[in-house]
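Shown next, in structure tokens, is the structure this report addresses.
Within every chain, numbering begins at 1; the chains are lettered A, B, ... in the order of the sequence lines, protein sequences first and strands thereafter.
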Amino acid sequence: MRGFWGKALAIAWKDILAEARTKDMVLSMLVFSILVIIVFNFAFESSAEQTAQVAPGVLWVTFTFAGVLGMNRSFVQEKDRGCLEGLMLCPLDRGVIYTGKMLGNFIFMLLVEVIVLPVFSILFNLPLFAPRLVLITVLATLAFSTAGTLFAAIAVNTRARDFMLPILFIPVVVPVIIAAVQASGLALAPGPGEGYWSWLQLIVVFVVIFLAVSFLVFEYVLEE
Amino acid sequence: MEKGLTVRDRFGGASLLTGLNLAMMVAALYLALLWAPTEAEQGNVQRIFYFHVPLAWVSFLAFFVVFVGSLIYLWRRSRWWDALAHASAEIGVVFTTLVLVTGSIWARPIWGVWWTWDPRLTTTTIMWLIYLAYLLVRSYATESSQGARFAAVLGIVGFIDVPLVALAIVWWRTLHPGPIIPQGGVDPSMLFVLFFSLATFTLFYVLLMMGRVRLRLAQDRLEELKYQRMQGD
């Protein structure tokens, strides 16, 4: 028998395999992200300095909405083909299912970001390969996945599954959005960027709390 | 439990408290609008605070009750706790709306704007959105027990999230200082009116809760009876 992580990784691997064959989620998130960035470009037709100011905001609005889109897909797929019932019938703790789905979502979002960041960097003419920006992106994405997976599992079981996720997800991840935008701004700005680590800590706290709480309440989300 | 609701059931226990609360409401209006001294710098506009602060207090109390009700509901699965959390969330959302409205009315003459991204204002707005989502997820659930579970999860997660929201927003706003509320000593009679108003609104909340929980349980009972009737036919 596999241990906790073995099982969770098996679920994540199942998602990765399915995704590798359809490429539904990553492709739609990717195209959507690029569209959002292009729309923003029309919204703020701006000089180089202004671009540097709005760039972190544009980046995180893009990732937030792309994340909502992708994480919703991750459960819609399960639901539509009756896979969710199958998954629930497996002799698995609900916490394992949560962790597996969360890891899958995390990986898909990272994959999208790995492609979007360079595109963004070229289109906005900004040096985005600061290690500190990469760090904050990875952590904030993890935070999005922890809360997003929990709410996606709820949203998919409601009658209004397409618009329920953003309504549930966005207000709750406000701390992450603020921290990610601020920390990205500090990472991109020249100078020591004081306060960067406090924002990072805030995201870590969010991740820890949401992992723990989601882990405990997930059995009430997937029931019957 | 089996007998139908009579007029006496509905108004019996609460009638005395309702009468008392009504009297307190009138008294609070008199105290806040006429009796309390006019604030030196802000003038009469400041009087809205005798309603604004109690409304805000009741909102927080209501959302705390949602949290407790949600926890116990998931643990015990008793419909009563779910009804309690649901009723409290509804009242909390209404009161938070009023907090935002009364705050805006005050801000217009004092800060010169209807709205500003002040930390407390922003936090309250996000909190309001979280509990709106709580009510929405309930109404979009496919069945009531599922809605109760989903709502309970949000009732717990949301309550834990609010301090983080507040922290993030405070840090964010300290980078751009916002308007400052005038500080100074508070007249004891003003404090008295404030506390009186707090007591009035808290009792009002309790009364609303009693009514709403009872109504929810009656609705559930009605659904049950309808279902039994259908099975019988």
Heavy-atom cut-off 4.5 Å, strictly under: side chain, backbone, both or neither for [X] against chain B?
X        : answer
A:Phe218 : neither
A:Val217 : both
A:Ile170 : neither
A:Val172 : both
A:Ser214 : neither
A:Phe169 : neither

Which distance, rounded to the nearest 0.5 Å, do you find between the [atom1] of [X] and the [atom2] of [Y]?
X        : Y        : atom1 : atom2 : result
B:Tyr140 : A:Leu168 : OH    : CG    : 12.0 Å
A:Ile154 : B:Leu154 : CD1   : CG    : 6.5 Å
A:Phe210 : B:Ile160 : CZ    : CD1   : 7.5 Å
B:Ile126 : A:Ile178 : CD1   : CD1   : 7.0 Å
A:Leu202 : B:Leu167 : CG    : CG    : 5.5 Å
A:Leu222 : B:Arg149 : CG    : CZ    : 9.0 Å

[X], [atom1] atom: more than 12 neighbouring heavy atoms under 6.0 Å:
X        : atom1 : answer
B:Phe64  : CZ    : no
B:Phe51  : CZ    : yes
B:Arg77  : CZ    : yes
B:Trp80  : CH2   : yes
B:Trp115 : CH2   : yes
B:Phe60  : CZ    : no

(message) For B:Tyr73 and A:Tyr220, I'd like to know if the aromatic rings sit close, meaning centre-to-centre distance below 6.0 Å.
(response)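 Between A:Tyr220 and B:Tyr73, which both carry aromatic rings, the centre distance is not below 6.0 Å.
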
Closest contact, heavy atoms only, [X] versus [Y]:
X        : Y        : result
B:Val165 : A:Pro171 : CG2-O, 4.4 Å
B:Ala168 : A:Pro175 : CB-CA, 3.7 Å
A:Met164 : B:Leu136 : CE-CB, 3.8 Å

(request) Could you have a look at B:Leu164, B:Thr142, B:Leu129 and say which one has the most heavy-atom pairs with chain A under 4.5 angstrom? (result)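 The candidate making the most pairs under 4.5 Å is B:Leu164.
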
(request) Have a look at B:Val153 and tell me which of A:Leu150, A:Val213, A:Leu216 forms a side-chain contact (heavy atoms from CB on, under 4.5 Å) with it. (result)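 It is A:Leu150; the other options fail the test.
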
(message) If I measure from the heavy atoms of chain A, does B:Thr125 come under 4.5 Å with its side chain, its backbone, both, or neither?
(response)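 Interface part for B:Thr125: neither.
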
(message) If I measure from the heavy atoms of chain A, does B:Arg138 come under 4.5 Å with its side chain, its backbone, both, or neither?
(response)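 Answer is neither: B:Arg138 stays 4.5 Å or more from chain A.
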
